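Structure, as structure tokens:
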Amino acid sequence: MAAHVYIADIAHYEGQEVTLRGWLANRRSSGKLHFLQLRDGTGSIQCVLFKGDFDEETFKRADHLNQESALSLTGVVKKDPRSPIGFELSAKAMEVVSEAAPDYPLGHKEHGVAFLMDNRHLWLRSSRQRVILGVRHTVVKAIRDFFDERGFTLVDAPMFTPAACEGTSTLFEVPYFDLGKAYLTQSGQLYGEAAAMAVGKAYVFGPTFRAEKSKTRRHLTEFWMVEPEVAFMDLAGDMELAEQLIGHVVRTVLAKHRQELVSVLERDVTKLENATPPFPRITYDEAIDRLKTARPDTPIKWGDDIGGDEETLLANMFDRPVIVHHFPAEMKAFYFKRDATGKYALGLDVLAPEGYGEIIGGGQREEDYDTLVQRIRDAKLPVEAFDWYLDLRRYGSVPHAGFGLGVERTVAYLCGIHHVRETIPFARTMERLKP
RNA sequence: UCCUCGGUAGCUCAGCCGGCAGAGCGGGUGGCUGUUAACCACUAGGUCGGGGGUUCGAGUCCCUCCCGGGGAGCCA
């Protein structure tokens, strides 16, 4: 009985007899030779079956197997210059673990987006999706390692929350026993602030839900966000932490996935190689000036949000992510600290290059109790709902700051993928709840 | 919610000025000892998104509804 090996490790077994287990991706034949393309999750390899090595029934069956049939193939690993991976399997025995039904929906030709998303559970088997899933895994691990190495503690925030974190946004409502209604969290930040006062450096990492009817390539109704929060840190420290995190994630992904990014996703990785700190920093005022200069006819004016097109225009002025900071106070949520003039919120956004948009949003928080109460009132939010949050300002309040990084937008940027729906295994959008 | 594009074979699409419903892939059968989106031959496969209208005649023109893609607003 030959040892089972994975295709990714095939180079170590040249000349040896091994068993491969996987799924039939494609097959070809030239009569007395059948070529079975086997995929096992780590790679894909061509297995060659010669008629003389098999009994008639098995050999015939090999040429009629349906796509995605599960197979176990035993044979000798042979070096072959014609193979894209340098090796192929000269099969001597085949076991059909389970024959696939004949109507596997995904063929080898192109498919439309809607069809692929309907078949997302099967689409994941493609090499493209396998690479994206791998990059996402690496991104998540790199983020955890980054914070772990810097003495942060992971503090999980709840998914069920009693009220809006920021007030106005549309939240998903769920019934909650005798307590009435609960809402799915739209940010773990307020809990992250509580955690920072407990452990100094905390980060929240989990899914986030937005019921807004956004239909763009940058939006999902359910997405993952990592939100560090640090006591005694100001806006400058926040910017440094943000660029260090992104720099670390980009470096780690390049080190591990460079080859796949280039060959499978056709990503121009030179665009990622530049993404090393320090990142350029511009104020909101400067951003508006730059936009007006670059495109004099743009209708944008001071106090406006920087929209998708402007964001892309701005980001393309730099060869790496750019940090925009000091926003008009009215633009930002109630908990942002303001500068001495009161005109600006100490917020920061990090815009990824190439139109991938805002991948980080955050800033320094208001630590003064009275000011914060006033802000909550100004925002027409119920102060009682924030009593526990205000306690953080009553018992040893300190300056602190943090941010949220969107995992899907980051993966899209790294992979060079147009739409974030491909960067999460099972995307939830306005029009899609299945599979 | 608004703007925009689309819905024709299992999939991707073509179908011109209104005149017999098409191709490639996939499926089936057969052929080939080096194919690799294999190739070659033959073959099966249709409620042209639903409804209504104009017309001798509608996949095609008009109205309407449904579904989906992209974008805007808002945000990660």
Side-chain angles (χ1 to χ4, degrees), chain A residues 25-38 44-53 59-60 63-64 66-67 78 80-85 88 90 101-119 122-123 126-127 165-170 186-189 206-227 242 304-312 331-333 347 349-352 356-362 403-413 418-421 423-424 429-432:
Chain A
N26 197 9
R27 65 177 151 71
R28 299 167 285 275
S29 174
S30 61
K32 294 195 173 64
L33 284 175
H34 296 330
F35 303 95
L36 304 187
Q37 195 71 35
L38 192 76
S44 180
I45 191 171
Q46 174 166 281
C47 303
V48 186
L49 284 69
F50 175 53
K51 188 172 187 182
D53 295 333
F59 190 74
K60 185 168 183 180
D63 196 34
H64 288 78
N66 294 317
Q67 189 182 347
K78 291 200 169 147
D80 193 305
R82 289 166 293 194
S83 163
I85 63 167
E88 60 181 28
S90 181
D103 55 353
Y104 187 70
L106 271 48
H108 298 113
K109 277 262 175 156
E110 287 170 21
H111 297 289
V113 172
F115 181 76
L116 287 170
M117 287 305 287
D118 285 341
N119 290 285
L122 303 174
W123 189 21
S126 72
S127 58
C165 288
E166 301 181 19
T168 52
S169 286
T170 337
Q186 66 165 187
S187 165
Q189 184 206 311
T208 300
F209 308 89
R210 304 272 167 96
E212 264 143 22
K213 295 187 172 178
S214 297
K215 276 182 67 171
T216 83
R217 66 192 186 92
R218 299 184 301 278
H219 288 89
L220 298 168
T221 54
E222 178 182 330
F223 65 95
W224 283 66
M225 192 156 65
V226 58
E227 302 177 276
D304 287 349
D305 268 311
I306 299 176
D309 287 350
E310 286 93 13
E311 214 172 71
T312 303
M331 281 175 58
K332 293 290 178 182
D349 283 357
V350 179
L351 307 182
Y356 287 100
E358 185 185 334
I359 54 174
I360 279 182
F403 60 79
L405 174 137
V407 170
E408 288 74 21
R409 287 187 186 177
T410 303
V411 174
Y413 160 53
H418 182 70
H419 201 299
V420 290
R421 69 186 152 213
T423 66
I424 187 167
T429 61
M430 241 171 89
E431 310 283 358
R432 189 171 298 281

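Numbers restart at 1 for each chain; the letters A, B, ... are given by sequence-line order, proteins then strands. Here the structure is a predicted model, which is why all the values come from computation and not from measurement.
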Look at all strands and tell whether [X] reaches a base, only sugar-phosphate, or nothing, counting heavy atoms closer than 4.0 Å.
{"X": "A:His419", "value": "sugar-phosphate"}
{"X": "A:Glu358", "value": "sugar-phosphate"}
{"X": "A:Leu220", "value": "base"}
{"X": "A:Phe50", "value": "base"}

Which whole number of Å gives the distance between the [atom1] atom of [N] and that of [M]?
{"N": "B:rG28", "M": "B:rG45", "atom1": "C1'", "answer": "11 Å"}
{"N": "B:rC48", "M": "B:rC13", "atom1": "C1'", "answer": "13 Å"}
{"N": "B:rU33", "M": "B:rG46", "atom1": "P", "answer": "36 Å"}
{"N": "B:rA9", "M": "B:rG50", "atom1": "P", "answer": "11 Å"}
{"N": "B:rU12", "M": "B:rG68", "atom1": "P", "answer": "16 Å"}
{"N": "B:rU4", "M": "B:rC39", "atom1": "P", "answer": "42 Å"}
{"N": "B:rA23", "M": "B:rU8", "atom1": "C1'", "answer": "13 Å"}
{"N": "B:rG52", "M": "B:rC11", "atom1": "C1'", "answer": "31 Å"}

Check: Under 4.0 Å between a side-chain N or O of A:His418 and OP1 or OP2 of B:rG71?
Finding: yes

Check: Are OP1 or OP2 of B:rG27 and a side-chain N or O of A:His64 less than 4.0 angstrom apart?
Finding: no

Could you tell me the Watson-Crick or G-U partner of [N], where both distances fall under 3.5 Å? Say none if there is no partner.
{"N": "B:rU4", "result": "B:rG69"}
{"N": "B:rU47", "result": "none"}
{"N": "B:rC42", "result": "B:rG28"}

For atom [atom1] of [X] and atom [atom2] of [N], their distance in whole Å:
{"X": "A:Arg28", "N": "B:rU35", "atom1": "CZ", "atom2": "P", "value": "10 Å"}
{"X": "A:Glu408", "N": "B:rA76", "atom1": "CD", "atom2": "C1'", "value": "8 Å"}
{"X": "A:Asp349", "N": "B:rA76", "atom1": "CG", "atom2": "P", "value": "7 Å"}
{"X": "A:Arg82", "N": "B:rU35", "atom1": "CZ", "atom2": "P", "value": "7 Å"}
{"X": "A:Arg218", "N": "B:rG70", "atom1": "CZ", "atom2": "C1'", "value": "12 Å"}
{"X": "A:Met331", "N": "B:rC74", "atom1": "CE", "atom2": "P", "value": "9 Å"}
{"X": "A:Met117", "N": "B:rG69", "atom1": "CE", "atom2": "C1'", "value": "12 Å"}
{"X": "A:Tyr356", "N": "B:rC75", "atom1": "OH", "atom2": "C1'", "value": "19 Å"}

Next item on the list: Could you tell me whether the side chain of A:Phe35 reaches within less than 4.5 Å of the side chain of A:Ser30, counting heavy atoms only?
Entry: yes

Can you give me the N/O atom pairs linking the protein to nucleotides 39-49 of chain B at distances under 3.5 Å, or say none if there are none?
none

Next item on the list: Compare the aromatic ring of A:Phe35 with the six-membered base ring of B:rG34 and state whether they stack according to the 5.5 Å and 30° rule.
Entry: no

Notebook entry, point to check: Measuring from A:Asp80:CG to A:Ser90:OG, what's the distance to the nearest 0.5 Å?
Noted result: 10.5 Å

Checklist line | From OH (A:Tyr356) to CZ (A:Arg217), nearest 0.5 Å | finding: 6.5 Å

For [X] and [Y], which I'm curious about, is there any donor-acceptor pair between the side chains at under 3.5 Å?
{"X": "A:Thr208", "Y": "A:Glu222", "value": "no"}
{"X": "A:Gln46", "Y": "A:Arg82", "value": "no"}
{"X": "A:Gln37", "Y": "A:Ser44", "value": "yes"}

Check: Are A:Arg28 and A:Asp63 ion-paired here, with the side-chain N under 4.0 Å from a carboxylate O?
Finding: no

Checklist line | Steps toward side-chain contact (heavy atoms from CB on, under 4.5 Å) verdict (A:Asn66, A:Tyr104) | finding: CA-CA 8 Å; A:Asn66 294 317; A:Tyr104 187 70; over 6 Å; no

Note to self: Test of understanding: with side chain to side chain contact (heavy atoms under 4.5 Å, CB included), list the residues that count as partners of A:Thr221, not counting sequence neighbours.
What the structure shows: A:Phe172, A:Arg428

What residues, two or more places apart in sequence or in another chain, satisfy side chain to side chain donor-acceptor pair (under 3.5 Å) together with [X]?
{"X": "A:Glu310", "answer": "none"}
{"X": "A:Thr216", "answer": "A:His219"}
{"X": "A:Ser127", "answer": "none"}

Just compare [options] and give me whichever is closest to any side-chain atom of [X].
{"X": "A:Arg421", "options": "B:rA76, B:rG71, B:rG69", "answer": "B:rG69"}
{"X": "A:Lys32", "options": "B:rU33, B:rU35, B:rG68", "answer": "B:rU33"}
{"X": "A:Glu311", "options": "B:rC75, B:rG71, B:rU33", "answer": "B:rC75"}

Next item on the list: Syn or anti for B:rC11, please, going by whether the chi angle lies within 90° of 0.
Entry: anti

Note to self: Nearest heavy atom decides the nucleotide; on that basis, is A:Val420 or A:Thr216 closer to the 5' end of RNA chain B?
What the structure shows: A:Thr216

Note to self: Here's a test of your reading of the structure: between A:Asn26 and A:Glu88, which maps to the more 5' nucleotide of RNA chain B?
What the structure shows: A:Glu88

Below 3.5 Å between N/O atoms, which protein atoms pair up with nucleotides 7-13 of chain B? Just atom names and distances, please.
residue, atom, partner, partner atom, Å
B:rC11, O2', A:Glu110, O, 3.4
B:rC11, O2', A:His111, ND1, 2.4
B:rU12, OP1, A:Gly112, N, 3.0
B:rU12, O4', A:Glu110, O, 3.2

